[in-house]
Structure formats: structure tokens, C-alpha cells
Amino acid sequence: MSRVVLSAASLGITEAEHKAALEIRELFATGVFIHDPEGAIDRPNGFNMNFPLDETKCGTTCCIGGWMYLAMDRDRTTQAHSAGHYVNHMRSAALKDLFYPPQEELGEINYDDITPGAALKAMDSFFAGNLDWAAAVGADDIGEIDHA
């Protein structure tokens, strides 16, 4: 099955954001990112949707937007001075719900609980022009989730 990837213009984002998002999507797809729900920041490739970027001498943990910022900063294609600045102020408006999933789509799931696999599914739905966090995290089946 082929993936649908709309253009930057169709998605309402910049070419730099499109390139960075595709790069980060591939890192999710190849299992590079490790879920860091506790915010331990003890690996170089942590993932937690609850904060844009946190670094220690032991590692780095970012959300989708934070990892995109790092890719654009490396490529010198952003004017943002930090991941938080990019995610909160400099990102294209079309990325808001990808970076900040609406709670009504997550059900009882917290940002910390969003896994790299769920982020990958959300990114794929975003690229297809139909962002669907509920399907990505399984919140549309929330009654079937056991929180014990």
C-alpha cells in the first residue's frame, strides 16, 4: 500500500517544514525514536509529546515539533532560536494540531503516553491531508482500553 504525501503548499506548511517532517517521519518508521514517557532524557533519541526539547549530558528527548526544529536548525532553514520558540511561535499554523493533539481526540490518553508508533500514524494521516490523532492513539476505541 502506498502512502499519500501531499506537497508543502497543499498542507499549508513551508518547504523546510515539509522536508524536516518527512525526515522525522522516516526516523519514526525505522524505530529510531525511543518512547520516554517519564522524561528521563537518558538516550540521544527520546520521544515525548509533552515537551518540545529537553537535553541533558545523557540524552535528548523531543516531541514531533522539537525533532523537526532540530532538523531545520541543522539545515539552517529556521529562524527560530529554540525548539520551544519554533513549536509555539514560528511553526506554520497547519502544524498546530500535529504538535498539540486536541485532547478530545486523545480521550483519556495524556501527551506523555503518545508512543512513537502513534506519532508515526498521526504524521502519515497529516501528510495525507486528514490528521487523525484519535485513530493514531486508538482513542476511537477508548472504551476498550484497560487503564488498570
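Predicted model, so just to flag it, every value in this text is computed and none were measured.
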If you define the side chain from C-beta out and look only at heavy atoms, does anything of [X] sit under 4.5 Å from [Y]?
| X | Y | result |
| --- | --- | --- |
| Leu131 | Ser125 | yes |
| Cys63 | Asn50 | no |
| Pro101 | Ile114 | yes |
| Phe99 | Asn88 | no |
| Ile64 | Met68 | yes |
| Asn48 | Asp112 | yes |
| Gln79 | Met72 | no |

*Begin with the C-alpha distance, continue with both residues' side-chain angles, and end with the deciding distance and a verdict on side-chain contact (heavy atoms from CB on, under 4.5 Å) for Tyr69 and Val87.*
CA-CA 8 Å; Tyr69 164 78; Val87 169; 5.6 Å; no
*To the nearest 0.5 Å, what is the distance between SG (Cys62) and CG (Leu53)?*
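Here the rounded value is 4.0 Å.
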*To the nearest 0.5 Å, how far apart are CZ in Arg91 and CD1 in Ile13?*
12.5 Å
*Should Glu26 and Lys19 count as an ion pair when the cut-off is N to O under 4.0 Å?*
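Answer for the salt bridge query: no.
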Can you tell me how the ring of [X] sits relative to the ring of [Y], calling it parallel under 30°, perpendicular over 60° and tilted otherwise?
| X | Y | result |
| --- | --- | --- |
| Phe47 | His35 | tilted |
| His85 | His81 | parallel |
| Tyr100 | Tyr111 | tilted |

_Common cluster, Phe51/Trp67, ILVMFWY with side-chain heavy-atom separation under 4.5 Å_ = no
*Apply side-chain contact (heavy atoms from CB on, under 4.5 Å) to the pair Asn45 and Thr60, showing each step before the final yes or no.*
CA-CA 6 Å; Asn45 52 351; Thr60 302; over 6 Å; no
What heavy-atom pair brings [X] and [Y] nearest, and what distance separates the two atoms?
| X | Y | result |
| --- | --- | --- |
| Tyr86 | Ala80 | CB-CB, 3.5 Å |
| Leu6 | His18 | O-NE2, 2.7 Å |
| Pro102 | Trp133 | CD-CD1, 4.3 Å |
| Pro116 | Ile34 | CG-C, 4.3 Å |
| Leu98 | Met49 | O-CE, 3.5 Å |
| Ile24 | Ala71 | CD1-CB, 4.4 Å |

Tell me if a side-chain donor or acceptor on [X] pairs with a main-chain N or O of [Y] at a distance below 3.5 Å.
| X | Y | result |
| --- | --- | --- |
| Glu17 | Ser92 | yes |
| Asn110 | Asp113 | no |
| Thr56 | Ile41 | yes |
| Gln103 | Gly107 | yes |

*Can you list the steps and then say if Phe127 with Val4 is a side-chain contact (heavy atoms from CB on, under 4.5 Å)?*
CA-CA 7 Å; Phe127 278 121; Val4 174; over 6 Å; no
*asked:* Using the rule given for side chain to side chain donor-acceptor pair (under 3.5 Å), can you reason through Thr61 versus Asp36, listing the C-alpha separation, both sets of side-chain angles and the distance that settles it, and then say yes or no?
replied: CA-CA 7 Å; Thr61 294; Asp36 184 9; 2.7 Å; yes
